[in-house]
K.L.:
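So that we are looking at the same thing, I have put the structure below in structure tokens.
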Amino acid sequence: MSRFISLQIFTVSRLALAVLFFCLIVFMNPTYAVLIAAIIIALASELTDIYDGHFARKYSLVSTFGKYLDPYIDSLSRLTIYFSLALSGYAPIWLPIAMSYRDISVAYLRIYARESDIVVSARMSGKIKAIVQGVGIFVILFGILFSPGETIIYYIKYGVSFIVLAVTLWSLIDYFTGIRRTIREAGDVPGTR
């Protein structure tokens, strides 16, 4: 099997891990063993996100396909994990809904920019958003695992959720303003000519 195909399988494995996480969190009792397994699966998922780009650059496997596949799988896997946390009561349902709106909006903003022959690369706000969302998963899981009571879990649940929400919305606004500015400079925004 070629290195290119192996890299794409490595990237897609993140989604398989997220589905496994979903099954553990939603369908099993939150025992210590289940929560430890969920933490290990979430860690493996986050590591594939970190290393797939590294391997693509190291082995000169960067491709247009990979540039689209990676953020697509990132969105699906993190949304799967956050929806599973919400369905189990560990995160508010509005959080993965807001994350979905952000990811869909950014995808369509990039499509619009592409139609204007403008390529929009990943922005720093998107990378920060990914880090905050990834860390949020672990704070919630470790909070559940080691919390001495429901009150602490409540504060962790909502504290983390509001931080993740704020960074997610900031990333959406940053993409929107950045793409709008770039398109305006190219002279393709209706009403700006």
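Throughout, residue positions are numbered sequentially from 1 according to the sequence presented. FYI, side chains are in, hydrogens and waters are out, and symmetry mates aren't considered; it's all heavy atoms of this structure.
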K.L.:
Are Phe176 and Val106 linked, directly or through other ILVMFWY residues, by side chains that come within less than 4.5 angstrom of each other?
P.N.:
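Yes, because Phe176 and Val106 connect within a single hydrophobic cluster, where side-chain heavy atoms sit under 4.5 Å apart.
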K.L.:
I would like to know whether Ile140 and Lys157 meet side chain to side chain contact (heavy atoms under 4.5 Å, CB included); could you show each step before the answer?
P.N.:
CA-CA 6 Å; Ile140 290 170; Lys157 172 181 169 178; 5.9 Å; no
K.L.:
At what distance, to the nearest 0.5 angstrom, does CH2 of Trp94 lie from CD1 of Ile97?
P.N.:
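So the gap between those two atoms works out to 10.5 Å.
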K.L.:
Consider side chain to side chain donor-acceptor pair (under 3.5 Å). Of Thr48, Asp52, Asp74, Asp70, which one does Thr11 pass it with?
P.N.:
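Among the candidates, only Asp52 passes.
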K.L.:
For residues Ile156 and Gly143, report the shortest heavy-atom separation together with the two atoms involved.
P.N.:
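Smallest interatomic distance, heavy atoms only, reads CD1-CA, 3.5 Å.
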K.L.:
Is it true that Phe22 and Ile41 fall in one hydrophobic cluster, defined by side-chain heavy atoms closer than 4.5 Å?
P.N.:
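They do not share one cluster, since no chain of ILVMFWY contacts under 4.5 Å joins Phe22 to Ile41.
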K.L.:
Decide yes or no for Val62 and Arg57: does some side-chain heavy atom of the first lie under 4.5 Å from some side-chain heavy atom of the second?
P.N.:
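With C-beta onward as the side chain, the pair touches.
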K.L.:
Tell me whether Met124 is reachable from Val132 by hopping between hydrophobic residues (I, L, V, M, F, W, Y) whose side-chain heavy atoms are closer than 4.5 Å.
P.N.:
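Val132 clusters together with Met124.
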K.L.:
Mind checking the OG-CD1 spacing from Ser105 to Ile179? Nearest 0.5 Å is all I need.
P.N.:
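If we round to the nearest 0.5 Å, Ser105:OG and Ile179:CD1 are 10.5 Å apart.
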K.L.:
Is the shortest side-chain heavy-atom distance between Ser6 and Phe10 below 4.5 Å?
P.N.:
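Heavy-atom side-chain distance check fails, nothing below 4.5 Å.
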K.L.:
Is there a path of hydrophobic side-chain contacts, each under 4.5 Å between heavy atoms of I, L, V, M, F, W or Y residues, that connects Leu35 with Leu17?
P.N.:
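Yes: a chain of side-chain contacts under 4.5 Å links Leu35 to Leu17.
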K.L.:
Might you work through the side chain to side chain contact (heavy atoms under 4.5 Å, CB included) test for Phe21 and Ser45, ending with a clear yes or no?
P.N.:
CA-CA 9 Å; Phe21 181 95; Ser45 177; over 6 Å; no
K.L.:
With rounding to the nearest 0.5 Å, note down the distance linking CZ in Phe55 to CZ in Phe4.
P.N.:
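Answer rounded to 0.5 Å: 16.0 Å.
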K.L.:
Given side chains that start at C-beta, do those of Ile73 and Gln8 come closer than 4.5 Å, heavy atoms only?
P.N.:
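No, every pair of side-chain atoms sits at 4.5 Å or beyond.
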K.L.:
Compile the donor-acceptor pairs under 3.5 Å between side chains in residues 78-87 and protein atoms, sequence neighbours left out, one pair per line.
P.N.:
{"residue": "Arg78", "atom": "NE", "partner": "Glu46", "partner atom": "OE2", "Å": "3.2"}
{"residue": "Arg78", "atom": "NH2", "partner": "Glu46", "partner atom": "OE1", "Å": "2.8"}
{"residue": "Arg78", "atom": "NH2", "partner": "Asp49", "partner atom": "OD2", "Å": "3.0"}
{"residue": "Thr80", "atom": "OG1", "partner": "Leu76", "partner atom": "O", "Å": "2.6"}
{"residue": "Tyr82", "atom": "OH", "partner": "Gln133", "partner atom": "O", "Å": "2.6"}
{"residue": "Tyr82", "atom": "OH", "partner": "Ile137", "partner atom": "N", "Å": "3.3"}
{"residue": "Ser84", "atom": "OG", "partner": "Thr80", "partner atom": "O", "Å": "3.3"}
{"residue": "Ser84", "atom": "OG", "partner": "Ile81", "partner atom": "O", "Å": "2.6"}

K.L.:
Side-chain contact test, heavy atoms from C-beta onward, threshold under 4.5 Å: evaluate it for Val167 versus Arg102 and give yes or no.
P.N.:
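Counting from C-beta outward, Val167 and Arg102 never come under 4.5 Å.
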K.L.:
What do the steps show when you test Tyr154 against Tyr158 for ring pair (Phe, Tyr, Trp, His ring centres under 6.0 Å), and what is the final call?
P.N.:
CA-CA 6 Å; Tyr154 176 85; Tyr158 284 99; 4.9 Å; yes
K.L.:
For the residue pair Leu24 and Ala37, what are the closest heavy atoms and their distance?
P.N.:
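Scanning both residues, the minimum pair turns out to be CD1-CB, 3.8 Å.
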K.L.:
Considering only heavy atoms from C-beta outward, does the side chain of Pro30 approach that of Tyr90 to under 4.5 Å?
P.N.:
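A side-chain contact exists here, since the closest heavy-atom pair is under 4.5 Å.
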K.L.:
Are the side chain of Ser125 and the backbone of Asp174 linked by a donor-acceptor contact shorter than 3.5 Å?
P.N.:
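No, because the side chain of Ser125 does not come within donor-acceptor range (under 3.5 Å) of the backbone of Asp174.
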K.L.:
Evaluate side chain to side chain contact (heavy atoms under 4.5 Å, CB included) for Tyr68 paired with Thr64, printing each intermediate quantity in order.
P.N.:
CA-CA 6 Å; Tyr68 284 98; Thr64 301; 3.6 Å; yes
K.L.:
Could you give the distance from OH (Tyr51) to CG (Leu7), rounded to the nearest 0.5 Å?
P.N.:
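Rounded to the nearest 0.5 Å, the OH-CG separation comes out at 14.5 Å.
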K.L.:
Calculate, to the nearest 0.5 Å, the distance between atoms CD1 and CG belonging to Ile104 and Leu109 respectively.
P.N.:
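Separation between the atoms: 12.0 Å.
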K.L.:
In sequence, state the C-alpha distance, the side-chain angles, and the governing distance for Val12 and Leu69, and then conclude on side chain to side chain contact (heavy atoms under 4.5 Å, CB included).
P.N.:
CA-CA 8 Å; Val12 172; Leu69 181 65; 4.1 Å; yes
K.L.:
Hey, quick one: are Tyr101 and Tyr72 part of the same hydrophobic cluster, counting side-chain heavy atoms closer than 4.5 Å, chains of contacts allowed?
P.N.:
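Both belong to a single hydrophobic cluster.
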K.L.:
Can you tell me how far CD1 of Ile40 sits from CG of Leu141, rounded to the nearest 0.5 angstrom?
P.N.:
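CD1 of Ile40 is found 11.5 Å from CG of Leu141.
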K.L.:
Below 4.5 Å, heavy atoms only, C-beta onward: do Leu145 and Ile36 meet side chain to side chain?
P.N.:
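Heavy-atom side-chain distance check passes, below 4.5 Å.
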K.L.:
Mind listing the closest non-hydrogen atom pair of Ser77 and Leu15 along with its distance?
P.N.:
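Closest approach of Ser77 to Leu15, heavy atoms only: N-CD1, 4.1 Å.
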